[in-house]
Structure formats: structure tokens, C-alpha cells
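Throughout, protein chains are lettered first and strands after them, A, B, ... in sequence-line order, and every chain is numbered starting at 1.
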There are 2 protein chains.
Amino acid sequence: MSAYEYIKQAILHGEFPPKMRLTEEFLAKKLQISRTPIREALKQLETEGLTVSMKRGVRVRHFTELDIRQIYDLRTLLEGYAAAQAAIHRTDSDLGEMATANDMYEKAIDQYLETGETTIEDILKINHSFHDSVIQASKNQHIHSHISKVVVVPLIFRSFYWFNADQLRHSLDAHKTILKAIEKQDTERARVAMHEHIYHGRDQVMKHIDVIDQQYTGVEEQKVSFQTER
Amino acid sequence: MSAYEYIKQAILHGEFPPKMRLTEEFLAKKLQISRTPIREALKQLETEGLTVSMKRGVRVRHFTELDIRQIYDLRTLLEGYAAAQAAIHRTDSDLGEMATANDMYEKAIDQYLETGETTIEDILKINHSFHDSVIQASKNQHIHSHISKVVVVPLIFRSFYWFNADQLRHSLDAHKTILKAIEKQDTERARVAMHEHIYHGRDQVMKHIDVIDQQYTGVEEQKVSFQTER
DNA sequence: TTATCACTGTTTGTATACAATGAACGAAAG
DNA sequence: CTTTCGTTCATTGTATACAAACAGTGATAA
């Protein structure tokens with residue numbers, strides 16, 4: 001696993017919480033490598049928007065409620081467009097891939113709810129692969145990088161994805177609706193269905209956002225908070 | 001000027017044409033600095049999509065006609081959304097900035113056509129600042145990075161922006177229409193006006209795309225072409 | 001002739017040393 | 001007591017040396 005992937009995962013899994021200061025040396029010691037590859041990783045994460053480089057050091061970016069809202073707006077716009085384009089350009093093999101991803105999704109959900117041998121992580125991955133297949137079917141190569149940038153942020157809050165059976169079923173139904181619209185080449189229906197699906201996901205995240213905000217206060221070094229304390 | 005800015009400018013100005021191989025040592029010697037900052041610059045350019053890293057070396061990305069078409073589709077989507085949001089969220093000071101940018105645009109065009117003391121470069125910059133002011137008025141902080149990624153590619157072809165008087169006037173009118181719609185908070189009109197404006201710009205670029213494609217054949221090293229020659 | 005293999009040179013990947021910079025701390029002066 | 005200045009230390013920025021990887025080349029064998 002590259003330094004980039006490691007740090008990204010650590011951030012997304014909450015190991016490095018928002019506002020935490022990431023010094024190069026600290027990460028280098030942690031990964032047992034030199035600072036050089038660390039710097040590259042940090043630069044990349046910064047251009048992706050996951051970290052913010054201050055004058056001194058790099059910090060994990062803190063996303064406010066407004067940030068999440070705006071990011072979801074963009075995701076809705078982009079994935080809605082992808083769905084509409086997929087409805088135009090989809091081939092039979094595209095439909096096959098989307099259907100496969102969705103079948104796997106259904107199975108994973110069943111397994112998760114019944115036996116518990118499938119984890120939420122697995123479900124998120126499979127969900128992701130369905131969305132990917134839609135993007136692929138849109139035949140716009142350039143849209144992918146934009147969406148991946150916008151998709152990653154909510155994952156920071158994945159620990160709050162305590163999906164219950166209803167939510168999971170609802171999500172599966174949404175996928176099926178989207179798939180059907182793309183199959184029938186109904187562009188507007190595909191776009192709207194994707195819109196609703198993503199906005200529903202946003203609502204789930206927003207429910208927990210204040211809990212999240214609380215959890216990460218005081219992560220930045222005390223020196224900084226002392227100033228505020230006056 | 002940082003290495004990143006230098007290389008980016010060089011690419012956008014056609015000094016490093018598409019498919020050209022950019023070895024780190026070459027750039028380091030050219031800029032009289034070590035490879036370390038060069039590597040960072042290249043990594044950043046790669047995540048922005050201006051260069052492509054092969055197994056051996058980094059090359060300036062070659063954009064096909066399809067690429068340009070798809071990139072413009074995304075730009076239309078994003079800037080159209082920005083215009084619509086601006087129509088909702090614009091403040092008086094936003095309107096002021098947009099109006100100022102547009103006044104400067106008008107003056108620059110007049111100067112360019114009459115006295116010639118203003119260059120196309122200047123006009124492009126001012127045009128850019130109008131679009132920026134719209135994005136700013138949209139109040140979505142995150143949209144900016146997406147648009148800047150998508151705006152930069154057509155600049156590679158800026159040498160083909162031989163705008164005539166008609167085109168420049170048309171562009172100015174479009175700006176005015178957009179501005180008026182945002183002022184009146186007519187979201188749909190703002191979006192559509194922006195759509196038309198950008199698609200018109202795309203058409204200008206597409207007219208010259210085959211000329212561009214021809215110009216840059218044979219830039220890659222001969223060793224590669226020899227294989228094809230059989 | 002063609003395929004395979006080892007060798008060579010070029011180029012990237014990584015480690016490390018040192019320079020530059022900025023923040024924190026403390027001392028001195030108002 | 002507060003402000004300002006300079007010193008010190010932590011941290012990033014840059015250069016450079018070396019390791020690793022890969023493409024190209026030529027030799028050898030089928």
C-alpha cells in the first residue's frame with residue numbers, strides 16, 4: 001500500500017481526525033519510510049481537497065455542514081448528468097455490468113441483515129461499484145475524476161452509516177429504478193432518480209453531522225485552543 | 001514563479017506540445033533547480049489532468065476531439081449550475097463585481113478592435129474574471145476547483161482564438177444576458193444563457209481542432225513511430 | 001530468421017543531509 | 001504589566017547520492 005493510500009484510508013477511517021496536524025516526520029516514522037514519498041502523498045491529498053496545508057504543516061480538512069451540503073449538491077449534479085448520459089450511450093454490456101453490481105448489492109444486503117457475515121464496508125464497496133458502472137456507461141471519461149473527488153468526502157463520516165434494513169432496501173430500490181430508466185433510455189427519469197437517490201444519502205449523513213462536529217473539537221493542538229480561552 | 005506554474009504555462013502556451021516527453025532531468029536543467037520540486041510540480045499537473053505519466057516518464061496529454069467535446073460538456077454543466085446558483089445567492093456586491101468585470105471586458109474589446117493596444121491574452125484574462133465572479137456569487141466554494149480543472153484544457157488551443165469583431169461582440173452580449181438573468185434572480189434563464197455562451201465557445205474551438213491535431217503529429221520520439229512504420 | 005536472454009544505460013523512486021523559514025519562548029525595555 | 005525584539009527549535013523546502021526499474025541492444029541458440 002502506497003503512502004498516499006495509507007494516509008487517505010487513515011483519514012477516511014477517522015484515524016486522523018479533522019484538524020489533526022500531519023507533520024511529515026510523524027508520518028514518515030509511522031510508515032517507516034523517508035519523508036520524500038510522504039510529501040508526494042500529502043501534495044496529492046491536498047489537490048484532492050482532503051487536507052489543507054497551512055503555513056506550517058498540513059492538517060486534515062474539517063468539513064462543516066455547509067461543505068457537506070455543497071459537496072452533495074455537486075455530486076448530485078455530476079452523477080445525475082452521468083445517469084442521463086448513460087441512458088443515451090449505454091451498451092448491452094454496460095447494462096450487464098450495472099445489473100451484476102446490483103445483484104451483488106442485493107445479495108450483500110441480505111447477507112448483512114440475515115447472517116451478518118457481510119460488513120457495511122463490503123456494502124459500501126459494492127454500492128460504489130454500481131455507481132462506477134453508471135459513470136462508465138455515460139462514456140464521458142473526464143467525469144470520473146470529478147465524481148471521485150466529490151464522493152470521497154462523505155466517507156469520512158462512514159462510521160455513522162448505521163444503515164437499518166429500511167434504508168438499505170430503499171437504496172436498493174433506488175438503484176433498480178435508475179437501472180430501469182437507463183435501460184429504457186429515459187434520460188430525464190434516470191437523472192431524477194439519481195438525484196433523489198443521492199439526496200436521500202445526503203439526508204442520512206446530515207442527520208449525524210452535529211454529532212460529528214462535537215466529536216472532533218479539541219483535536220488541534222492545545223496551544224491553539226489556549227489562545228481562544230484567553 | 002514556481003516550477004508548477006512555469007511548466008503549466010509552458011504547456012498552455014504550446015511550448016511543450018502534446019505527447020512531448022518531459023523527463024525530470026530535462027526540466028530540472030531548464031529551470032536550474034533540482035529534480036525534487038520538479039517532481040512535485042509534475043505530480044500536481046498529473047492530478048489536474050494536463051499530463052499523463054507512463055511507466056517511463058511523463059508526457060503532455062494529448063486531447064482528442066472527443067476529449068474536448070466531453071470536457072466542454074462538463075464545463076457547461078458546472079458553470080450552468082454556478083450561474084443558476086448565483087441567481088439565487090447573489091448579493092449586491094456580487095452584482096457589482098460582475099458588472100465591473102463586464103465593463104472592463106467591453107473596454108478591452110473596444111481597445112483591441114480599435115487601437116490594438118490590448119491583446120487577446122488580456123481579453124481572455126478579463127473574460128475569465130467575469131466567469132470567476134459568477135462562480136463566486138454562486139456561494140459554492142467547492143465548485144471552483146472543478147471548474148478550474150475543466151477550464152484550463154481549451155487554453156492549450158488559445159493560439160487559435162482568432163476572435164473577430166463579431167465573435168467578441170457576441171461574447172459580450174452573452175455576458176450581459178447572463179448578468180441580467182442573475183440580477184433578476186431568474187435561475188433557469190441564467191443557466192440556459194450560460195449554457196449557450198459556453199457551447200458557442202466550444203464551437204469556435206472545434207472549428208480548429210483538426211488543424212491542431214495535424215500540427216502536433218510526430219512530436220513523440222522517433223523510436224515510437226519507427227515501430228508503427230514496420 | 002526469430003526468439004530469448006543477459007547486459008547496459010537512462011530515468012524514476014527513495015533516503016538523507018543541509019538550508020531556509022516560521023513559530024514559540026524568553027529577555028529586555030518601555 | 002505589556003510590548004518588542006532576538007534567540008532557539010521544530011518543520012518544511014531543496015539538493016544530491018544512491019537504489020531500483022525499465023527499455024533498448026546485441027549476442028546466442030533454436
Could you state the [atom1]-[atom2] distance from [X] to [N], rounded to the nearest angstrom?
X	N	atom1	atom2	value
A/Glu40	C/dT14	CD	P	7 Å
A/Glu24	C/dA17	CD	C1'	15 Å
B/Leu42	D/dT14	CG	P	14 Å
B/Lys29	C/dT10	NZ	P	11 Å
B/Leu27	D/dA15	CG	P	14 Å
B/Glu25	C/dT11	CD	C1'	8 Å

How long is the gap from CD1 on A/Ile109 to NZ on A/Lys107, to the nearest 0.5 Å? 12.5 Å

Euclidean distance, A/Ser171 OG relative to A/Ile123 CD1, rounded to 0.5 Å: 9.0 Å

Kindly say whether the aromatic ring centers of A/His197 and A/His131 come within a distance under 6.0 Å. yes

Between [options], which nucleotide gets closest to the side-chain atoms of [X]?
X	options	value
B/Arg21	C/dT11, D/dT11, C/dA15	C/dT11
B/Arg35	D/dT11, C/dA15, D/dC18	D/dC18
A/Ser34	D/dA23, C/dT16, D/dA15	C/dT16

Regarding A/Thr36, tell me which of base, sugar-phosphate or nothing describes its non-hydrogen contacts under 4.0 Å with the strands shown. base

5′-ward residue of the pair A/Arg56/A/Ile33 relative to DNA chain C: A/Ile33

Using the closest heavy atom to pick a nucleotide of DNA chain C for each, name whichever of A/Lys55 or A/Gln32 lands nearer the 5' end. A/Gln32

Tell me if the CG atom of B/Asp92 is crowded by more than 12 foreign heavy atoms within 6.0 Å. no

